[in-house]
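All remarks here apply to the structure that follows.
Lettering follows sequence order; numbering is per chain, from 1. For the numbers below, each heavy atom of this structure counts, side chains included, while hydrogens, waters and symmetry mates do not.
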Amino acid sequence: MSEKLVLIDGHSILNRAFFGIPDLTNSEGLHTNAVYGFLNILFKILEEEQPNYLTVAFDVSQPTFRHKMYAEYKGTRKPMAEELREQVPLMKEMLKAMGVTIVEKGGYEADDILGTIAKRSEAEGLEVSVVSGDRDLLQLATDHIKIRIPKTKRTGTEIEDYNTKEVLDKYHVTPIEFIDVKALMGDTSDNIPGVPGIGEKTATALIAQYGSIENCYAHVDEIKPPRASKNLKENYELAQMSKTLATIEIHADIDYDLQSARLEQIKDLYTEEAYLLCKRLEFKNMLGRFEVDAPKNQAEEHFKLVTEKKEAEKIFAKIKGIECAFQIIPMEEKKDANMDAGGQMNLFAAPQTNEFLGMAVCFGEKDTYFFKAGEELTSSVLSDLLTHSEAAGYMTLDLKPQLGLLHMIEQRENGCLNQKNIFDNVIAAYLLNPLKNEYPYEDIAKDYCSLMIPSRVDLLGKSGYDLAMDEKPEGFLKTVCFMAYTAFSSKKAMMEELKATGMEQLYETIEMPLVFTLADMEHTGIAIDAANLKEYGEKLAVRIKELETRIYQEAGEEFNINSPKQLGVILFEKLEMPYGKKTKTGYSTAADVLDKLAPEYPIVADILEYRQLTKLKSTYADGLANYIKEDGRIHTSFNQTITVTGRLSSTEPNLQNIPMRIELGRLIRKAFLPAKGCVFMDADYSQIELRVLAHMSGDEKLIEAYREAQDIHRITASQVFHIPFDEVTDLQRRNAKAVNFGIVYGISSFGLSQDLSISKKEAAEYIERYFETYPKIKTFLDGLVEDAKKNGYVTTMFGRRRPVPELSSSNFMQRSFGERVAMNAPIQGTAADIIKIAMIRVHDRLLEEHLKSRLIITVHDELLIETAEDEIDRVKEILTEGMQQAADLKVALAIDLHTGKNWYEAK
DNA sequence: ACGATCACG
DNA sequence: ACGTACGTGATCGTT
């Protein structure tokens, strides 16, 4: 069998990948989508073809001969998008790292290089595949040269293949004739002028009949229709030039050594260099290909396993007076002491004494230990050893879940390990770059120590830690040791970076203390009346059943109402309702679309109610019940490193989106109860974001407005529309309120017009009047966008940063998004900073005064305290003062405070 | 795994 | 001409 060569049109495939794959950016801000897409196509082709040779051709950036000819004819090509341009050198670097032969030569386009190499190689008896996104290359197709055109589809990449036969079938001309077709019809994207008035149809017909442009002219008077004949006669030179432009050079003067392009096996591409580059570009799922080749890290040689208590004590004694990193992996599910795997009682099982599987400790380049929890050296013993080790300072990755295991919940101190001397590298990494979704240890090691270390997935695969401990003890040990090693090694650089970016204070006085506050809140949890929840769910079920029956009747058939796809077909095809919007996948059935149809079609109103009720039942009534623990309470997780603005988020379950706006949903809050002898005390900031805006912009009129009126939206309306306060209509107030919201979101006339159902022009007028009334707000917001453009980030009052990479995008939509983000982030972020300060103060105060009351929930601008009945007055003072004095603004930080015997009443 | 939808601030 | 308000998470259906 003959040998195989794969030739790739570098720029063309890069280009295709760039437009086919949504924007990807690594944490350095490098755009990487094109490189990523290119590699995917490359690997797919290689795996399919298993070629013996591989070569990639690139254009050189200077204008080429063919290009120049056309440039004289009509301007120049459109410049390449910046996000793509920066990926060209990156792509070449990647290919070089993989040892792939790259051919490029000034004066030639990639087409010419591909054509020349393809023809030469064919002559030498090879099977050639040319991979390109460009149909121009079809002229090269023969029985031994296959043109492969990848298409990015939703289902993945599909490749169209063309040999002579496929070209004939699809275009009704031979590959050589294809040149002439192209020359006649022209191609704007390829800068081929073509003959005016001749399109694809005529060109194909002419060439199919006459075989070439030259022969067309030989018979030009026979040609029909006469219009085509006339056009041809008048544009002879243009046709000639087009043909030259369309013809790919196959005798280019290039040096190409086939043997140096040899590829023994695909695995040869997975070099260490390429691995490192993939890591840098953060192509995580690409790394799987490199399995065996992950380079070893020096530190790994010094990881030691310790199981003896005596030895452990000796090692912990060494930590005194120096810094030490520790890392515990909590058990994913607490194993019940007396149950066996099947959940049966097992009276003979040893009692479960270990709360965690082991602890890694690192206090030097050559001192990383893994202490495996066992019978004598229990997790509790390990905790004590650590907390009494008298280190000068500690570091760890993701402290919060470890605090309980170290017996530090609700205790401000435990031995010498106290909250003042712990550094959490993940929290620091989040502050330094809040854009990432996760902060795995290998990223921290890479970003702050330039260390390349194997990731958890490299070492353990995708299995959970618990399983890994049993199945891959080696990998488990290494993972935890690498985490401690990373925490130890990166602290210094991270601390310096925090100082350099002005976030040291934010880190030390807000984020770190908050870790302890949140741990306490999660630990306390909130009580739920399961019976109440169940009853509520049953009530919903009855009504849902009714609605279901009616909807099926009205539709004339049964279908899945929860499927937007099926619902779309029923409403817009079967029942022929006018559809408003469309989504990528079909008709939109979103609430705002259905709202407009509801008055006319009873079925739509029923569907809306059905949606509402099933949402309440599945997410809240049934959903929350699954999270009730043995203590009758729900313990949510407050995540501190998720949002880009500095807010917290809540998961498993999310207690920050419990229904409120609609009465029926709001009733769920009656199932949230205070402990016996307690009431709920709930306080929320009144328009904190608008107040922050007033302060940060320094706009006197808005500040003044806050000093005198309770109803800020009404006074805004009065000032913007120049009417007396008492004469503001409800509509005017509603409009003013929408504008106030819009301002905080980074206003756009389109967004406001959508919200108020008015024209874009009217919305623009509102905004203009608003800015006339409060001129400093406009100056402030414009300044934020300017800052963001200049620095690449914006900051909150307390120094929190939000990078805004979208502002440098060449895409209008992305850039506009960047502008809105630049306006919103400092406001939303400052509000988040403020409530965090309040939380810490309130929480700490409750502990200092040894009160029984506990802070248990936060919802962005709201705090909920489970308050002992005999402490109500004092807690009210603490909460009020804690929230109002959290920041010193030019306007007061007003709060609304309520108490009640459940969350419904307290809010 | 991802999009559509909808709950909250 | 482009085509959107800012920030989240859970559930469901579809791929």
Side-chain angles (χ1 to χ4, degrees), chain A residues 22 153-156 285 434 559-568 581-594 607-608 611-620 622-624 626-627 636-639 642-662 664-666 668-669 684-685 687-689 693 738-756 760 763 767 802 804 806 809-829 831-832 835 857-862 907:
Chain A
K153 293 197 172 162
R154 270 197 297 122
T155 48
N285 53 11
F559 65 101
N560 187 344
I561 308 168
N562 285 319
S563 161
K565 198 178 162 193
Q566 293 179 37
L567 181 61
K581 280 189 298 192
K582 279 206 207 157
T583 62
K584 285 170 205 162
T585 48
Y587 310 104
S588 169
T589 66
D592 60 330
V593 176
L594 299 192
I607 290 165
L608 282 167
R611 277 233 181 109
Q612 222 175 60
L613 300 194
T614 50
K615 177 92 179 181
L616 291 175
K617 185 164 188 325
S618 66
T619 307
Y620 300 103
D622 301 346
L624 287 175
N626 294 327
Y627 291 100
T636 186
S637 296
F638 288 109
N639 202 315
I642 293 288
T643 73
V644 285
T645 52
R647 274 189 178 176
L648 297 167
S649 86
S650 157
T651 52
E652 293 184 325
N654 181 355
L655 293 185
Q656 294 184 323
N657 71 346
I658 304 302
M660 174 75 199
R661 293 167 189 169
I662 293 168
L664 178 66
R666 195 172 183 162
I668 293 194
R669 292 174 177 241
D684 66 284
Y685 283 114
Q687 298 125 6
I688 185 169
E689 291 180 338
L693 175 66
V739 177
N740 278 333
F741 268 97
I743 293 287
V744 169
Y745 291 157
I747 196 135
S748 78
S749 51
F750 182 89
L752 183 65
S753 71
Q754 284 292 296
D755 190 58
L756 287 179
K760 225 173 98 173
I767 294 167
R802 156 94 197 242
V804 194
E806 294 88 352
S809 168
S810 60
N811 178 314
F812 173 86
M813 211 185 73
Q814 292 212 5
R815 213 171 43 245
S816 307
F817 175 72
E819 287 169 4
R820 294 196 294 271
V821 157
M823 294 189 262
N824 170 265
I827 301 172
Q828 192 184 119
I835 197 160
I857 301 281
T858 173
V859 193
H860 311 309
D861 64 352
E862 168 190 1
K907 177 76 186 156

Applying salt bridge (Lys or Arg N to Asp or Glu O under 4.0 Å), which residue pairs with at least one partner in residues 644-655 of chain A are found, sequence neighbours left out? A/Arg647-A/Glu689

Donor-acceptor pairs are to be reported for all side-chain atoms of residues 740-753 of chain A against protein atoms at under 3.5 Å, with residues two or more places apart or in another chain.
residue, atom, partner, partner atom, Å
A/Asn740, OD1, A/Tyr770, OH, 3.2
A/Asn740, ND2, A/His713, ND1, 3.1
A/Asn740, ND2, A/Thr716, OG1, 3.4
A/Ser748, OG, A/Gly751, N, 3.0
A/Ser753, OG, A/Ser749, O, 3.4
A/Ser753, OG, A/Phe750, O, 2.6

Listed partners of [X] passing salt bridge (Lys or Arg N to Asp or Glu O under 4.0 Å), at least two apart:
X        : answer
A/Lys617 : A/Asp622
A/Glu862 : A/Lys907
A/Asp755 : none

Under 3.5 Å for both pairing distances: what stems, at least three Watson-Crick or G-U pairs long, include DNA chain C? B:1-9 with C:6-14

Any residue meeting ring-ring contact (aromatic ring centres under 6.0 Å, His included) with A/Tyr587, in chain and number order, not counting sequence neighbours: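 Listed in chain order: A/Phe572, A/Tyr579.
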
Listed by chain and number, what are the side-chain hydrogen bond (donor to acceptor under 3.5 Å, both in side chains) partners of A/Arg820, not counting sequence neighbours?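 So A/Arg820 forms no side-chain hydrogen bond (donor to acceptor under 3.5 Å, both in side chains) with any residue.
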
Contacts of A/Thr614 that satisfy side-chain hydrogen bond (donor to acceptor under 3.5 Å, both in side chains) - sequence neighbours left out: none

Of all of residues 815-823 of chain A, which get a heavy atom below 4.0 angstrom from DNA chain C, listed by number? A/Phe817, A/Arg820, A/Val821

Treating primed atoms plus P, OP1 and OP2 as sugar-phosphate and everything else as base, which nucleotides of nucleotides 3-9 of chain B get B, S or - for protein heavy atoms under 4.0 Å? -SSBBBB

Considering residues at least two apart in sequence or located in another chain, which fulfil the side chain to side chain contact (heavy atoms under 4.5 Å, CB included) criterion with A/Ser650?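 Per chain and number, A/Ser650 pairs via side chain to side chain contact (heavy atoms under 4.5 Å, CB included) with A/Thr636, A/Phe638, A/Asn654, A/Leu655, A/Gln656.
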
